[in-house]
Amino acid sequence: MGISLKDKKILVIGRPSGIAGAVTLAVREQGAQVIVAGRDQGKLERAYDSDIAAEKVDVTDDRSIEALADRLGSIDHLVTTASARARGLLQDLDRDALRQSFDTKVIGPVMLAKHFAPRINDGGTFTLFSGVAASKPAIGFLGVAITNGAADFLTRSPERRPWRKAC
Ligand SMILES: NC(=O)c1ccc[n+]([C@@H]2O[C@H](COP(=O)([O-])OP(=O)(O)OC[C@H]3O[C@@H](n4cnc5c(N)ncnc54)[C@H](OP(=O)(O)O)[C@@H]3O)[C@@H](O)[C@H]2O)c1
C-alpha cells in the first residue's frame with residue numbers, strides 16, 4: 001500500500017531536467033505541496049509553474065542547509081538528487097573531484113538529515129539516490145562507485161529516522 005502525498009509538504013533538491021524534475025511533477029500531481037531547491041534559485045523559478053516554490057540551497061554548505069531548514073519549518077518528505085560525479089580512470093582522478101563527489105552525495109545528505117530530522121513530521125521520509133555503479137564495478141567509474149557505495153550504506157543507517165534509497 002502506498003502512502004498518500006495529498007497536502008504533504010515535500011522538499012525536492014536537484015535539476016528540473018533530471019530525476020528531481022520528474023519527482024516534483026509526479027508528487028504535485030498527487031496533491032503534494034512541493035518546494036524545489038538548488039544552487040540556482042532563479043533557474044528553478046523559471047523551470048516550474050508558480051505553485052511550486054523555489055529555494056536556494058548548496059548541500060556542501062552547512063549554513064545554507066540550516067538556513068533552508070529554518071525557512072521551511074516542518075516538512076513531510078525530503079528528496080535529494082544532488083550529485084557531482086567524479087568520473088574518470090584512476091590515473092585521471094583528482095582529490096578535489098572526489099571530495100566534491102562525496103561532499104555532495106554523501107556528506108550533504110548526512111547534513112540534510114541532521115538539520116531536517118527534527119522538522120520531519122511523523123510518517124515522513126528522507127529519500128536519496130545511489131546508482132548502479134555501487135554494485136557493478138566498471139573501469140572509469142571508481143569515483144562514482146565509491147560515492148554511491150557510501151550513499152548506499154547511508155540508507156541502511158539505523159540513526160533516528162528512516163532512510164529510503166531510490167535507486
Ligand atoms: N540519471 C541517471 O541515469 C542516473 C543513474 C544512476 C544514478 N543516478 C543518480 O540519481 C540522481 C539524480 O540524477 P540526475 O541525472 O537527475 O541528476 P544529475 O545530473 O546527477 O544532477 C544532479 C543535480 O545536483 C545538483 N547539485 C550538484 N551539486 C550541488 C550542490 N552542492 N548543492 C545543491 N545541488 C547540487 C545539480 O545542480 P545544478 O543545477 O546547480 O548544477 C544537479 O541539479 C543523482 O544522484 C545521480 O547520481 C542517476
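Side chains included, hydrogens not; waters and symmetry mates left out as well; all remaining heavy atoms used. Ligands are counted one by one from 1 in listed order, and the atoms in each one are counted from 1 as well.
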| task | Identify, by atom number and element, the atoms of ligand 1 in contact range of K43, meaning under 4.0 Å from any of its heavy atoms. | result | 39 (O)
| field | From I65, V144, V59, I19 - option closest to atom 32 (N) of ligand 1 by heavy atom | value | V59
| K43 and its side chain to side chain contact (heavy atoms under 4.5 Å, CB included) partner, picked from E45, Q41, R46 | R46
| message | I need the minimum non-hydrogen distance between K56 and S64, along with the two atoms involved. | response | O-OG, 4.4 Å
| remark: d(L11 CG, T80 OG1) to nearest 0.5 Å is 8.0 Å
| field | Which of the ligand 1 atoms, numbered from 1, are nearer than 4.0 Å to a heavy atom of K105 | value | 9 (C), 44 (C), 45 (O), 46 (C), 47 (O)
| query | Out of A82, A22, G18, who gets a non-hydrogen atom closest to atom 34 (N) of ligand 1? | reply | A82
| request: Could you tell me whether a side-chain N or O of T155 sits under 3.5 Å from a main-chain N or O of D152, the two making a donor and an acceptor? | output: yes
| query | Going by the order shown, which atoms of ligand 1 are within less than 4.0 Å of some heavy atom of G14? | reply | 43 (O)
| query | Could R63 and D70 be called an ion pair, given the rule that one side-chain N must be under 4.0 Å from one carboxylate O? | reply | no
| task | Could you tell me whether the side chain of P16 reaches within less than 4.5 Å of the side chain of V36, counting heavy atoms only? | result | no
| Backbone or side chain, does any N or O of T104 fall under 3.5 Å from an N or O of ligand 1? | no
| request: Answer with side chain, backbone, both or neither: which part of A84 has a heavy atom less than 4.0 angstrom from an atom of ligand 1? | output: neither
| Does the pair R28/D49 count as a salt bridge with the N-to-O cut at 4.0 Å? | yes
| Which atoms of ligand 1 are found less than 4.0 Å from any heavy atom of F129? | 10 (O), 11 (C), 45 (O)
| Which of the listed options, V57, D40, L112, holds the heavy atom that is closest to atom 33 (C) of ligand 1? | V57
| query | Just which atoms of ligand 1 are under 4.0 Å from any heavy atom in G131? | reply | 6 (C), 7 (C)
| query | Considering distance alone, does some N or O of N148 sit under 3.5 Å from an N or O of ligand 1? | reply | no
| message | So, taking the atom named OG1 in T127 and the one named CD1 in I13, what distance separates them when rounded to the nearest 0.5 Å? | response | 11.5 Å
| query | Are side-chain heavy atoms of F153 and V106 found at a separation under 4.5 Å? | reply | no
| note | Quick look: D58 vs ligand 1, heavy-atom contacts under 4.0 Å, and the answer is both
| For ligand 1, which part of S130 has a heavy atom less than 4.0 Å away: the side chain, the backbone, both, or neither? | backbone
